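Data first, discussion second: the structure below is written as structure tokens.
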Amino acid sequence: MVDQITHIENQTETVAHIGEPPMYHVILLNDDFTPMDFVVRVLVELFYLSTEQAERVMLEVHHKGRGLCGIFTREIAETRVAQVNQVARQNEHPLLCVMEPAP
Ligand code: TYC
């Protein structure tokens, strides 16, 4: 647990106890059109997975409909989701990436 001094009032320090930041799952969704090698490249280049890990995640998505790319704090998850959706649109693929609060 991390303590943070939030303000000083009447010469008395108020200390808030802050927990760990909320974490988010970044999830890739399946579709029938995005090429498998494009999905693998996204996972390697944007999520820094090895080629082997990327192929495993891509096949999990392909067979089960969705798959976990990584678990991040909110800002990082938002950035990754935006990057995936942007590069997919630039390449005219329907690939979709979403984030969900980690259970
Ligand atoms: N189902 C796609 C195909 O057969 C491959 C694919 C995998 C698409 C993962 C999206 O998130 C995805 N070409």
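All of these numbers come straight from a predicted model, not from anything done at the bench. Indexing begins at 1, ligand by ligand and atom by atom, following the structure's order. The analysis underlying the following values was restricted to heavy atoms, covering all of them including side chains, and did not include hydrogens, waters or symmetry mates.
Taking CZ of F47 as the reference point, atom CD of Q83 lies at 8.0 Å (rounded to 0.5 Å). To the nearest 0.5 Å, atom CD1 of residue I27 and atom CE of residue M99 are 11.0 Å apart.
N85 places a side-chain N or O within 3.5 Å of a backbone atom of C97 that can act as its donor or acceptor partner.
For atom 9 (C) of ligand 1, the closest non-hydrogen atom of the protein is V61 CG1, 3.5 Å. Ranking protein heavy atoms by distance to atom 4 (O) of ligand 1, first place goes to H62 CE1, 3.1 Å. The shortest contact between atom 7 (C) of ligand 1 and any protein heavy atom is with N30 OD1, 3.7 Å. For atom 2 (C) of ligand 1, the nearest protein heavy atom (residue, atom name, distance) is D31 O, 3.2 Å.
Heavy atoms from other residues, nucleotides or ligands lying under 6.0 Å from CZ of R89 number more than 12. Applying the 6.0 Å contact sphere to CD of E75 captures no more than 12 heavy atoms from other residues, nucleotides or ligands.
With salt bridges taken as basic N to acidic carboxylate O contacts below 4.0 Å, none links E52 and R56.
When each atom of ligand 1 is checked for a heavy atom of L95 under 4.0 Å away, the hits are 10 (C), 11 (O), 12 (C). Close contacts of ligand 1 with L29, meaning ligand atoms under 4.0 Å from a residue heavy atom, involve 10 (C), 11 (O), 12 (C). Residue T34 has at least one heavy-atom neighbour below 4.0 Å for each of these atoms of ligand 1: 2 (C), 3 (C), 5 (C), 6 (C), 8 (C), 13 (N).
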